[in-house]
Amino acid sequence: MTKHLLFIFLPLLITACNPAAPAEEADTEAAVTPRAVVTVGRVQTDTVTDVLELRAVSAYPAKDVLRATVTGYVLAPAPVPGQTVRAGQTVFTLQTKEARTLHLDQITGDPKLRFSGIIRIPSPRGGVLATVDKLAGDYVQDGEQLAMVYDQSRFGFVLDVPVTQLRYVRTGQRCRITLPDGRVLPGRVAEVLPAADLAAQVQRYTVRSVGPAPQLPENVTVTVELDKTAPYPATTLPRSAVLTDETQTSFWVMRLLNDSTAVKVPVQPGQEQPGGRIEIKSPRFSPQDRILVTGNYGLDDTAAVKMER
């Protein structure tokens, strides 16, 4: 009986004589707790502008349709799509069906014959042939469409502005046109069209590039940026420093409280600027504040972190 009691109380006696053992185990567990490896950045003051970003579509508002003025045949050579023409240049040559029947083209050298049956169709203005509907040898009726000429000097973009944003757009205003290939062209709001879309409630403007017009077809979608405000100084952070929820209604950053702890700070972001920085409207950070730039995703408030060396 005495021997059994000794085996029962011996572990309790050892634990009582060594009270520091649980504390050492806790310290060991804390030492091996993983910490997020992060990098930090600081706020800086940049000159920013509140920008209105809208979509526009390329268009040739000035178009000339070349039509046959007589019934007859198209003579060679016929033009091809994409060909550049000058104002007054002969684009099509027609021969009337009567002239072809009487073979007047073989006796046009007779000075007594004033009608040869050859009719020339010139272009009313310079431009490029967008479409060619008839080829050499085709029979055409009077008034039938032969081709369409686009006036390249009038090339522009049709900009749809929501009626709620009309106060930010005016004729003569400078803008930036971003093409699908990434090129950015300086532009200007040229005219306002007198009709608005009833269903979409948008007002249409014509935007033209300042300088040589780009060689683009119709119906190419581009991005037009207009400045809503004059440039002003503002505090900015790298875009990767600003976190948000799934609905993008709450925004925050992770700020270092000390070398090993990061706290969650709600922020009100502003406009995203070129170069990957975003305006921070509130709160006001000091240049000494260290904001997590990488490794901040998924961290809770007062998270344990480790700065990357």
Side-chain angles (χ1 to χ4, degrees), residues 56-160 171 177 179-181 185 187-195 197 204-222:
V57 178
S58 61
Y60 289 88
K63 305 173 184 178
D64 293 300
V65 177
L66 303 184
R67 298 185 182 276
T69 56
V70 294
T71 300
Y73 299 88
V74 178
L75 299 181
V80 294
Q83 179 179 334
T84 302
V85 296
R86 304 181 307 276
Q89 177 183 341
T90 298
V91 181
F92 285 91
T93 303
L94 304 182
Q95 183 184 31
T96 64
K97 61 180 182 179
E98 295 82 6
R100 174 162 293 195
T101 302
L102 298 175
H103 301 286
L104 294 181
D105 56 329
Q106 300 177 10
I107 56 175
T108 53
D110 189 348
K112 297 181 181 180
L113 186 62
R114 298 186 178 181
F115 178 70
S116 64
I118 304 299
I119 306 299
R120 291 175 172 80
I121 308 298
S123 174
R125 74 181 79 199
V128 62
L129 289 174
T131 61
V132 175
D133 302 292
K134 299 298 178 181
L135 302 177
D138 288 349
Y139 179 76
V140 296
Q141 297 286 344
D142 185 11
E144 194 170 353
Q145 179 173 319
L146 303 176
M148 182 175 291
V149 180
Y150 284 177
D151 184 2
Q152 288 186 307
S153 64
R154 299 280 295 172
F155 174 80
F157 302 91
V158 177
L159 175 68
D160 289 335
T171 57
I177 305 169
L179 303 182
D181 60 2
L185 305 177
R188 179 179 58 86
V189 180
E191 302 103 3
V192 54
L193 303 181
D197 187 277
R204 288 190 166 180
Y205 289 79
T206 300
V207 176
R208 293 197 178 90
S209 62
V210 178
Q215 299 296 321
L216 291 177
E218 278 198 311
N219 301 320
V220 174
T221 302
V222 300

- Item | Nearest atoms (heavy-atom pairs only) where A136 meets A78 | N-CB, 3.7 Å

- Note on the structure: CD1 of I118 to OG1 of T90, rounded to nearest 0.5 Å, is 12.0 Å

- Query: Is it true that atom CZ of R204 has more than 12 heavy atoms of other residues, nucleotides or ligands lying nearer than 6.0 Å?
  - Reply: no

- Rounded to the nearest 0.5 angstrom, the CD-CG distance for E191 and L193 is 7.5 Å

- Expected output: side-chain S123 to main-chain A87 donor-acceptor under 3.5 Å: no

- Query: Looking at side-chain heavy atoms only, is the closest gap between V128 and V85 below 4.5 Å?
  - Reply: no

- Considering only heavy atoms from C-beta outward, does the side chain of V132 approach that of V80 to under 4.5 Å? no

- Message: For a quick test of reading the model, state the closest non-hydrogen atom pair linking A147 to L129 and the distance between them.
- Response: CB-CD2, 4.2 Å

- Message: I'd like to check V140 versus V74 (side-chain heavy atoms, cut-off strictly below 4.5 Å). Are they in contact?
- Response: yes

- Message: Over 60° means perpendicular and under 30° means parallel, so tell me whether F155 and Y60 are parallel, tilted or perpendicular.
- Response: tilted

- Answer whether the closest heavy-atom distance between the side chains of V57 and F157 falls below 4.5 Å. no

- Query: So, T71 side chain and D142 main chain: donor-acceptor pair closer than 3.5 Å or not?
  - Reply: yes

- Query: Which atom names give the shortest non-hydrogen contact between D64 and P124, and what distance separates them?
  - Reply: CG-CG, 3.6 Å

- Message: Can you tell me how far apart CG (L94) and OG1 (T69) are? Round to the nearest 0.5 Å.
- Response: 6.0 Å

- Intermediate values then yes/no, salt bridge (charged side-chain N to carboxylate O under 4.0 Å, His left out), K63 and D151: CA-CA 6 Å; K63 305 173 184 178; D151 184 2; over 6 Å; no

- Measuring from D133:CG to L135:CG, what's the distance to the nearest 0.5 Å? 9.5 Å

- L159 side chain reached by T206 side chain, heavy atoms, under 4.5 Å: no

- Item | Rounded distance (nearest 0.5 Å) linking atom OG1 of T84 with atom CD of Q152 | 6.0 Å

- Task: To the nearest 0.5 angstrom, please state how far the CG atom of D138 sits from the CD atom of E144.
- Result: 8.5 Å

- Message: According to ring-ring contact (aromatic ring centres under 6.0 Å, His included), does anything in residues 66-99 pair up with another residue at least two apart or in another chain? List the pairs.
- Response: Y73-Y139

- Message: Set out, in order, the CA-CA distance, both residues' side-chain angles and the distance that settles side-chain contact (heavy atoms from CB on, under 4.5 Å) for L146 and I121, then state yes or no.
- Response: CA-CA 9 Å; L146 303 176; I121 308 298; 4.1 Å; yes

- Query: If you look at every heavy atom in P81 and A130, which pair is closest and at what distance?
  - Reply: CB-O, 4.1 Å

- Message: For A190 versus R208, what's the shortest heavy-atom pair and its separation?
- Response: CB-NH1, 3.2 Å

- When every non-hydrogen atom of A62 is compared with those of R125, the smallest separation belongs to CB-NH1, 3.9 Å

- Message: Check whether S58 reaches the backbone of V220 with its side chain - one donor and one acceptor, N or O, closer than 3.5 Å.
- Response: yes

